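Not measured: the values here are computed from a predicted model. Atoms within a ligand are numbered from 1 in the order they appear, just like the ligands themselves.
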Amino acid sequence: MTTHPASLGSPASRAPRRPAPREQLGLRDVLGAGVLVGCAIDGGLPAALRPVERKLLCHHFNALTPENLLKPGNAQPTEGRFNLRDADATVAFARANNLAVIGHCLMWHQQCPDWFFKNGGAAASRDLLLARMEKHIDTVVGRYRGMIHGWDVFNEAIAEPGDYLRDTPFTQIAGPDVIADAFRMAHAADPDAELYYNDFNIEVPDKRERTLRLLRELLDAGVRVDAVGIQGHWLLDRVPFDDLEAAIEAFHALGLKVMITELDLDVVERPDCGADVAVHHDYSVADDVYRQGCPDEVLRRQAEQYAKLFDLIRRHADKVARVSFWGLHDGRSWLNYWPGERTNHPLLFDRDCRPKIAYDAVARMLESHGPKRPA
Ligand code: 9MR
């Protein structure tokens with residue numbers, strides 16, 4: 001896994017120095033019972049986090065997504081050699097600290113090693129691919145049986161753009177039913193774990209319709225699906241509030257829970273609204289506009305938009321079962337290095353783990369609607 005030490009530093013922040021905060025309410029407490037509030041952490045816990053980061057994590061969140069450890073490329077880099085030591089430590093840490101663990105992810109066309117799809121120099125047969133999927137899913141899900149709250153079973157399977165499914169080695173070799181197969185395998189390996197379909201831009205009408213089709217087909221086939229994960233990699237000033245609301249209602253109408261699974265609000269322009277890791281864009285130093293800190297005016301807009309987003313989530317708390325941020329604080333966000341190197345400020349906490357005004361706006365708004373206060 002790439003580490004990005006530069007992004008973990010503390011670039012001079014132009015953010016206003018705020019007065020000593022009043023009691024900092026945990027996000028998990030203000031959002032209220034019934035909705036998990038999570039975040040993704042890259043690297044094995046507890047070693048990957050400084051003590052101040054660990055404190056921040058345990059104060060605000062009650063769910064944790066290992067950002068990369070459980071992806072097939074990390075979990076089984078070569079056939080039959082499972083690499084789960086860091087994942088074991090992370091799951092143990094999470095359990096000891098009352099964080100529900102979200103398994104991310106079982107099958108994804110990215111970060112899935114080539115050997116999965118090959119047989120010597122030729123393509124693997126359908127039977128071989130399915131056997132490998134079963135072995136992988138059975139081993140990984142089975143190892144954490146009873147310890148992982150829910151799994152992103154299939155990630156990003158809807159084409160962008162396209163008629164229906166994304167064209168990947170999975171569908172090329174095993175056909176469209178490969179998605180249902182993966183869900184069945186996961187359910188067999190841990191019948192109590194929740195199972196999710198997770199993708200980006202699926203709130204947008206065209207991709208939403210195709211996602212609804214996939215979910216309906218899975219449900220009609222009798223496959224267990226508990227929730228759909230809307231990733232939520234959004235851009236400042238372009239949060240699709242109306243589409244999101246319509247998507248939450250439409251997915252929920254299928255009888256599914258909805259989760260915002262990889263939330264961040266990018267403040268630096270980027271050419272692509274999606275979250276496709278294969279996209280790359282070169283940022284020059286001049287394009288790295290917020291390397292000295294993020295201007296107050298931008299942070300204010302971000303705060304307003306985060307508050308509006310959480311207000312929407314609050315209003316649909318009967319349908320939304322989890323909101324997870326993609327990173328703990330600005331210094332630990334993938335948006336510092338995707339789609340190219342730049343300094344980003346997309347989360348609720350700054351690089352020094354201090355709450356930003358976006359945190360205040362969200363916490364104040366939620367609190368004003370009668371959240372449960374910590375005892
Ligand atoms: O944040 C993750 C980054 O550290 C990895 O390098 C990258 C490739 O594995 O994946 C990032 O997370 C992605 C997630 O797994 C699936 N949805 C899109 C996320 C951002 O690319």
*Asks:* Taking the minimum heavy-atom distance to atom 11 (C) of ligand 1, which of E67, E262, K71 ranks first?
*Replies:*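 Of the listed residues, K71 has the closest heavy atom.
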*Asks:* So if I count the atoms of ligand 1 from 1 in the order they appear, which ones are less than 4.0 Å from some heavy atom of H104?
*Replies:*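 Listed by number with element: 14 (C), 15 (O), 16 (C).
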*Asks:* Counting only nitrogen or oxygen atoms and a 3.5 angstrom limit, does W108 reach ligand 1?
*Replies:*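 Such a contact does not occur with ligand 1.
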*Asks:* Out of all atoms in ligand 1, which are within 4.0 Å of some heavy atom of W334? Include the element for each.
*Replies:*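 Near W334, meaning under 4.0 Å from one of its heavy atoms, ligand 1 has 1 (O), 20 (C), 21 (O).
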*Asks:* With heavy atoms of A275 as the reference, note each atom of ligand 1 found under 4.0 Å away.
*Replies:*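 Checking each atom against A275, I get 18 (C), 21 (O).
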*Asks:* Quick one: does D264's side chain have a donor or acceptor within less than 3.5 Å of a partner on L347's backbone?
*Replies:*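 No.
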*Asks:* At a non-hydrogen distance cut-off of under 4.0 Å, which region of F200 contacts ligand 1 (side chain, backbone, both, or neither)?
*Replies:*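 Neither; nothing of F200 gets under 4.0 Å from ligand 1.
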*Asks:* Under 4.0 Å from a heavy atom of Q231: give me the atoms of ligand 1 that qualify, with their elements.
*Replies:*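 It comes down to these atoms of ligand 1: 17 (N), 18 (C).
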*Asks:* For W326 and ligand 1, does the shortest N/O to N/O distance drop below 3.5 Å?
*Replies:*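 For ligand 1, there is an N or O atom that lies under 3.5 Å from one belonging to W326.
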*Asks:* Measure centre to centre between the rings of Y196 and F154, then say whether the value is under 6.0 Å.
*Replies:*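 No: the rings miss the under 6.0 Å criterion.
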*Asks:* With rounding to the nearest 0.5 Å, note down the distance linking CZ in R342 to OG in S284.
*Replies:*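 Going from CZ on R342 over to OG on S284, the span is 12.5 Å.
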*Asks:* Tell me the side-chain hydrogen bond (donor to acceptor under 3.5 Å, both in side chains) pairs involving residues 173-193, sequence neighbours left out?
*Replies:*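 For residues 173-193: none.
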*Asks:* Identify, by atom number and element, the atoms of ligand 1 in contact range of Y337, meaning under 4.0 Å from any of its heavy atoms.
*Replies:*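 Contacts of ligand 1 toward Y337, numbered from 1: 3 (C), 4 (O).
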*Asks:* Check D237 with R301, please: is the shortest side-chain N to carboxylate O separation under 4.0 Å?
*Replies:*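 Result for this pair is yes, salt bridge flagged.
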*Asks:* Going by the rule side chain to side chain contact (heavy atoms under 4.5 Å, CB included), which residues pair with E304 if we only count those two or more places apart in sequence or in a different chain?
*Replies:*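 Checked E304 against side chain to side chain contact (heavy atoms under 4.5 Å, CB included); zero matches.
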*Asks:* So between V277, D199, T261, N68, whose heavy atom ends up nearest atom 21 (O) of ligand 1?
*Replies:*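 Going through V277, D199, T261, N68 one by one, V277 has the nearest heavy atom to atom 21 (O) of ligand 1.
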*Asks:* Test of understanding: given a 4.0 Å heavy-atom threshold, classify the contact between N155 and ligand 1 as side chain, backbone, both, or neither.
*Replies:*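 It is the side chain that gets close, since no backbone atom is under 4.0 Å.
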*Asks:* Determine whether the aromatic ring centres of residues Y197 and F183 are separated by less than 6.0 angstrom.
*Replies:*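 Ring centroids of F183 and Y197 are no less than 6.0 Å from each other.
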*Asks:* Can you measure from CG (L36) to CE (M259) and round to the nearest 0.5 angstrom?
*Replies:*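 So the CG of L36 and the CE of M259 are separated by 7.0 Å.
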